[in-house]
Amino acid sequence: MPDPAASNGHPQPSEVMLEFKDVELGFDQHLVLRGVSFRLHRGETKVVFGVAGSGKSVMLKLALGLLQPDHGTITVLGQDITGMAEQELYQLRRNIGMVFQESALFDSLTVEENVAFRLVEEHVSPEEIRERVTEALRFVELEHTLEKFPAQLSGGMRRRVAIARAIITHPEIILYDSPTGGLDPITSTTIVELLIKQRDVYQTSALMVTHRLQDGFTMATHCYDKEKGQMVPVKEGRENTRTSFLILRDGKVIFDGSGQELARSTDEYIREYIS
Amino acid sequence: MPFVDPEEAIKERVLAVQEYSQLSGEAVANLFRKPRYVADMLTQADFIGVGSLPIVILTGLSIGAVLALQTSSTLQQFGVTTLTGQLVSFSMIKEIGPVLTSLMLAGRAATGMASELGSMKVTEQIDAMRALGTDPIKKLITPRVVATVVMLFFLSIISDLFGLFGGYIVAVSLLGISTRQYWTSTYQQLQFADVFQGLIKPFFFGLIISTVGCYYGFSTKGGTQGVGRSTTQAMVAASVLILIFDFFITRFMIGVFGR
Ligand SMILES: Nc1ncnc2c1ncn2[C@@H]1O[C@H](COP(=O)(O)OP(=O)(O)OP(=O)(O)O)[C@@H](O)[C@H]1O
Ligand SMILES: [Mg+2]
């Protein structure tokens, strides 16, 4: 396992892209999030860990305004989205990409139409759409599947199409919900490499939910090498992948910090979690 | 079965009615807002209109034929079988054409909408659409409402016509009524109020079918089983509402036009 300490310190204090302040949310008397606070800075990738049911997906949906919190405030790109009207949220969401846990591709549309969805909605010209869809699909190495339907793809391919759909407009923030969930280690690595490429080529800020510790550590210890066209380990103490970690437990943030801090943590639960 | 608190149950119903009204109101209000999804409307119109044509023609023909048989046996007692055409056209145009077509469409289109949108709901496709910055009510519900209302209007007319034709076949072949006698009696007594009543009904029924189908689709919870449940509920709710509204519209029309 790579040494998580190789990720190099805190992100520099910079523009806050996304902020949760004391966010609470419950479903039928059952509190899922009980006072979650954190900040995501420009260019930062925050890897979110937590056992199944700890509220990770709910947290991402809150960040998009798909759900509204019971208490607390959520600020996205400088705008307070708590209590914001749905019509205003549609505008704001155009700057955010989301990859759903189960991909959530439109199953009545082809891969091409799925990826092009946002551009069609924005009335981009057909030639440009074609070009950008091909580019986005090439990014995820699926340019030969244009005419296929989601049902004809494997789980890993669907995940990559979902990534292409989320990144096609180069949003400022991307929310990845378990992009490697249920996939074999080799496909998972391909997907993590894509996320690293997206982060390093376009400098996007991201929240990445994952069950696989290894994915998080790979994010923190690798960067994308444009010449080689693949990810390479960062040289110790030289580059900063601006990756931090956040651990949710029982609806609370029990850890929020860099890989080094995570490796040094003495909390028993965290030690057990990362071992 | 677990005990259900009646107060909770009532609250739930009230909330559902409120949500339903809100959703329908917004779907209709979207007609006046951009963007309008014309292509989606045409796709739906094709599915609802053209796709329902065979079943509507079939029911129209057979009901018209049966009506002719039934009424003629009564009319025979008074020796006025020549009025068969008139009774067929009255019942077909004012009542049976619109109601039966709507009930058919409740079985075909409302369930189709509930299951399609319900599957999209449980696989998070609706959330994905919202996440991509598109209003699912505008993109999915409004086109279905428009397509259903417009198509049901024409389907009802088609059903009426085939009903009259079905009655005609029976009248001529089995009842010994002449072609001229039948057709004259069908339109002779027909007034504006009758036709108007027959045409206003599908408008309301179309609204009911589409909004109920879409509402049950959008409020689907709990996986595939939930989709099945909403589909059945959509069919039952739409049919019941059609029958209730039919009574009140008829009563209102009689109040206004006196027939
Ligand atoms: N729409 C909903 N209605 C009711 N309860 C919900 C809903 N969405 C989530 N929950 C509840 O919230 C809790 C957290 O769910 P969430 O999907 O966020 O978990 P998660 O951390 O993403 O888990 P996993 O790692 O398995 O994806 C669960 O207990 C779940 O039952
Ligand atoms: Mg989840």
Side-chain angles (χ1 to χ4, degrees), chain A residues 27-28 57-58 60-68 76 81 84-109 113-123 150-151 158 161-162 164-169 171 173-178, chain B residues 2 4-5 8-9 11-12 15 19 22-23 25-27 29-30 32-40 42-44 46-47 112-113 115-144 217-218 220-224 227:
Chain A
F27 294 103
D28 335 296
S57 300
V58 165
L60 295 196
K61 286 181 188 163
L62 281 166
L64 261 180
L66 295 176
L67 295 172
Q68 286 288 348
V76 180
I81 63 161
M84 193 187 250
E86 187 79 6
Q87 295 301 327
E88 277 177 79
L89 280 169
Y90 290 130
Q91 285 308 316
L92 188 70
R93 288 185 192 129
R94 291 181 181 232
N95 302 311
I96 310 173
M98 167 110 177
V99 177
F100 283 81
Q101 191 160 9
E102 308 293 342
S103 301
L105 297 177
F106 302 120
D107 49 20
S108 58
L109 303 182
E113 290 163 333
N114 263 287
V115 176
F117 192 86
R118 222 173 206 167
L119 300 179
V120 174
E121 289 295 299
E122 286 168 14
H123 303 288
R158 277 203 285 272
V161 174
R165 182 174 72 175
I167 62 172
I168 190 154
T169 49
I173 305 176
I174 306 187
L175 310 170
Y176 300 103
D177 196 347
S178 316
Chain B
V4 187
D5 182 358
E8 282 296 313
K11 262 191 205 158
E12 221 165 84
L15 204 69
E19 275 172 11
Q22 224 165 14
L23 195 77
E26 205 158 314
N30 280 339
F32 310 100
R33 294 192 201 125
K34 284 190 172 175
R36 295 192 192 89
Y37 295 94
V38 179
D40 294 274
L42 294 178
T43 317
Q44 290 303 320
D46 183 54
F47 170 73
M113 289 174 207
S115 62
E116 188 184 354
L117 300 183
S119 315
M120 289 184 77
K121 176 74 198 288
V122 300
T123 53
E124 294 190 315
Q125 290 178 56
I126 302 221
D127 274 344
M129 193 173 276
R130 290 168 67 205
L132 289 166
T134 296
D135 184 351
I137 300 180
K138 248 183 222 167
K139 169 96 179 157
L140 299 172
I141 300 190
T142 305
R144 284 172 169 76
F218 265 48
T220 302
K221 286 198 186 80
T224 0
V227 176

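A quick note: this is a predicted structure, and the numbers were derived from the prediction, not measured. Letters A, B, ... mirror the listed sequences (proteins, then strands); counts begin at 1.
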Distance (rounded to the nearest 0.5 Å) between B:L132 CG and A:L64 CG: 9.5 Å
Expected output: side-chain A:R118 to main-chain B:G133 donor-acceptor under 3.5 Å: no
Which atom of B:P136 lies closest to which atom of A:Y90, heavy atoms considered: CD-OH, 3.4 Å
From OG1 (B:T134) to CD (A:E122), nearest 0.5 Å: 8.5 Å
Under 4.5 Å from a heavy atom of chain B, the part of A:L175 involved: neither
Any donor-acceptor pair under 3.5 Å from B:Q125 side chain to A:D107 backbone: yes
Closest approach of A:Q87 to B:D135 (non-hydrogen atoms, all atoms of both residues): NE2-OD2, 3.3 Å
Atom of B:D127, atom of A:L66 and distance for their closest heavy-atom approach: O-CD2, 3.8 Å
Residue A:F106 versus chain B: region with a heavy atom under 4.5 Å: both
Under 4.5 Å from any heavy atom of chain B - which part of A:I96: backbone
For A:F100 against B:A128, the heavy-atom pair lying closest together: CE1-CA, 3.5 Å
Nearest-0.5 Å distance that lies between atom CE in B:M129 and atom CD in A:E121: 7.5 Å
Enclosure of B:E12 CD (heavy-atom neighbours >12, cutoff 6.0 Å): no
Greatest number of heavy atom pairs closer than 4.5 Å to chain B - which of A:E86, A:Q91, A:E102, A:Q101: A:E86
Heavy-atom closest pair, residues B:E124 and A:A104: O-CB, 3.6 Å
